[in-house]
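Everything on this sheet refers to the single structure shown next.
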Number of protein chains: 2
Amino acid sequence: MVGMTSDRPLRADAARNRALLLAAAEREFAARGLDASVADIAARAGIGKGTVFRHFPTKDDLLSEVMLDRIGALTAAGERLTGSGDPGAALLEFLTLAADRQQNADMSVLQEAHAVNERLTEARGRMFTLIETLVTRARESGAIRADITGTDVVLLMCAPGHVAGFAPPGSSPDLWRRYLAIIFDGLRPAGASPLPVDPPRMS
Amino acid sequence: MVGMTSDRPLRADAARNRALLLAAAEREFAARGLDASVADIAARAGIGKGTVFRHFPTKDDLLSEVMLDRIGALTAAGERLTGSGDPGAALLEFLTLAADRQQNADMSVLQEAHAVNERLTEARGRMFTLIETLVTRARESGAIRADITGTDVVLLMCAPGHVAGFAPPGSSPDLWRRYLAIIFDGLRPAGASPLPVDPPRMS
DNA sequence: CCCTAAGCGGACCGGCCGGTCAACTTACTT
DNA sequence: AAGTAAGTTGACCGGCCGGTCCGCTTAGGG
């Protein structure tokens with residue numbers, strides 16, 4: 001019996017604290033990346049540090065759970081787009097959703113993938129498959145150039161948020177949209193120059 | 001008398017150690033970013049940790065010196081390109097040099113600019129001016145679209161290395177060239193879509 | 001209402017890291 | 001060759017962080 005998670009239902013206060021904790025962790029990781037400390041997360045949630053470790057045996061487990069939520073939501077939204085009549089617009093919409101996450105560049109934490117949590121890698125795989133589908137359709141419809149692969153898009157999807165993160169503090173919180181537009185233009189067939197290196201293969 | 005650095009010439013062994021230290025720091029920062037520890041840098045250089053702090057009062061000062069070297073070399077190379085007859089190619093060549101730095105994504109450390117070292121901000125400013133020049137000429141020659149500013153390029157210049165850094169371990173060390181080509185295509189006039197947000201203003 | 005197990009929390013531990021220091025070594029001067 | 005200032009070094013310090021633990025609180029069933 002490996003992997004059984006639900007022994008019994010959570011007590012009411014525990015469930016509330018767990019939700020507070022996850023929300024706080026999401027905000028804290030978004031703001032400070034992997035350097036966010038467990039103590040700070042606990043403080044932001046208004047609970048004790050020990051309680052964090054009661055809910056998640058490890059900081060990495062907490063991070064995994066947060067990422068799982070995000071990836072799940074993004075994948076679900078993306079899957080709803082696969083039926084769109086305009087594959088190019090669908091891919092752009094998906095990338096917009098992916099880069100949005102309140103202009104944080106931390107979704108990239110996903111890609112580092114230190115925690116090899118089983119459920120997380122599975123969710124990752126599901127999202128990669130989705131992206132492959134969106135990219136294939138966009139490619140076949142002529143919306144993006146022929147030599148772009150799903151892996152390319154996986155690697156590029158967090159770049160707008162990351163790039164915009166370097167802007168000086170006063171800048172528009174929507175700046176990532178500017179760089180998404182530029183990068184997506186680079187994926188279009190118009191005026192495409194030949195690409196010098198083969199795309200990587202994802203594990 | 002503020003800013004006088006050269007009281008007297010360094011002793012021979014001290015000069016040698018300083019060079020070893022800077023080389024080791026460059027490699028270590030490139031490999032592990034800001035998380036590189038002073039002890040590891042010292043070990044890589046084959047010197048004691050105390051010696052590091054004799055040469056640089058602070059880890060940030062050491063980092064600043066390394067960045068200063070890099071920015072200086074890159075700026076010098078870039079200034080040699082401003083005379084080129086093909087402004088578009090000159091900009092692309094500059095971006096290639098910038099992203100190259102052995103495919104490390106850590107040049108971005110520059111942009112975070114925690115250390116407000118006076119010389120470093122000056123070097124930064126000189127490089128920004130250079131980039132502005134290269135971009136203006138490329139824009140006026142029609143090599144890149146009209147709505148791209150120097151600031152855009154400053155923010156985008158490290159993206160290829162950063163993006164390629166997420167690729168699985170076995171990938172080509174030249175993968176950044178692929179993403180530089182894609183992003184640069186996004187800067188070209190052909191098939192450009194209107195940009196949704198104004199560019200930021202650099203301090 | 002009361003009992004108990006589930007949940008909570010903060011003091012505590014070991015390890016790491018940036019930075020200091022005083023004892024030791026070594027390159028240059030005369 | 002000898003003196004000395006410059007340079008080196010590793011033990012050491014304080015602070016932070018992930019993770020543990022045990023005494024306390026409280027939800028919720030009977």
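Hydrogens, waters and symmetry mates play no part in the numbers below; they use all other heavy atoms, side chains included. Chain naming here is simple, since letters A, B, ... match the order of the sequence lines and numbering starts at 1 in each.
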Checklist outcome for this item: Letter by letter from the 5' end, nucleotides 19-30 of chain C scores (B base, S sugar-phosphate only, - none; protein heavy atoms under 4.0 Å) BB-----BSS--

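- Residue pairs satisfying the side-chain hydrogen bond (donor to acceptor under 3.5 Å, both in side chains) criterion with at least one member in residues 39-52 of chain B, sequence neighbours excluded, are listed as follows: Glu28(B)-Arg44(B), Arg32(B)-Asp40(B), Ser37(B)-Asp40(B).
- Judged as a side-chain hydrogen bond (donor to acceptor under 3.5 Å, both in side chains), the pairs with a partner in residues 145-160 of chain A (not counting sequence neighbours) are, in order, Arg145(A)-Asp147(A), Arg145(A)-Asp185(B), Thr149(A)-Asp152(A), Asp152(A)-Arg178(B), Asp152(A)-Tyr179(B).
- For Asp35(B) and dC16(C), the CG to C1' distance is 12 Å, given to the nearest whole Å.
- Each of His55(A) and Ala39(B) was assigned the nucleotide of DNA chain C with the nearest heavy atom; the assignment lying further toward the 5' end belongs to His55(A).
- Side-chain atoms of Pro160(B) and Ile183(B), non-hydrogen and from C-beta on, do get closer than 4.5 Å to each other.
- End-to-end axis angle of the helix from dC1(C)-dG30(D) to dT30(C)-dA1(D), from C1' rotation axes over five pairs per end: 10° (rounded to 10 degrees).
- To the nearest 0.5 Å, atoms CG (Leu92(A)) and CG (Leu134(A)) are separated by 11.5 Å.
- Regarding contacts with the backbone of dC8(C), every side-chain N or O of Arg54(A) stays at 4.0 angstrom or more from both OP1 and OP2.
- Partners of Arg137(A) under the side chain to side chain contact (heavy atoms under 4.5 Å, CB included) rule, at least two apart in sequence or in another chain, are Thr82(A), Pro87(A), Thr133(A).
- OP1 or OP2 of dT8(D) lies within a sub-4.0 Å distance of a side-chain N or O belonging to Asn17(B).
- Following rounding to the nearest Å, Ile47(A) (CD1) and dT25(D) (C1') show an atom-to-atom distance of 15 Å.
- Residue-level contact check: Thr51(B) touches the bases, meaning some heavy atom is under 4.0 Å from a base atom.
- Here the straight-line distance linking atom CG of Leu74(A) with atom CE of Met157(A) works out to 5.5 Å at 0.5 Å rounding.
- The CD1-P distance, from Ile41(B) to dC16(C), rounds to 17 Å in whole Å.
- A straight line from CG of Leu20(B) to P of dG7(D) spans 16 Å, rounded to a whole angstrom.
- Heavy atoms of Ala36(A) sit under 4.0 angstrom from primed sugar atoms or phosphate atoms, though from no base atom.
- Contacts classified as salt bridge (charged side-chain N to carboxylate O under 4.0 Å, His left out) and involving residues 126-135 of chain A (residues at least two apart or in different chains) are given here: Glu79(A)-Arg126(A).
- Electrostatic pairing of Glu65(B) and Arg119(B) counts as a salt bridge here, judged by a charged N lying under 4.0 Å from a carboxylate O.
- If you take CZ of Phe56(A) and C1' of dC8(C), they are 16 Å apart, rounded to a whole angstrom.
- Listed here is the closest heavy atom pair of Gly150(A) and Ile131(A): O-CG2, 3.8 Å.
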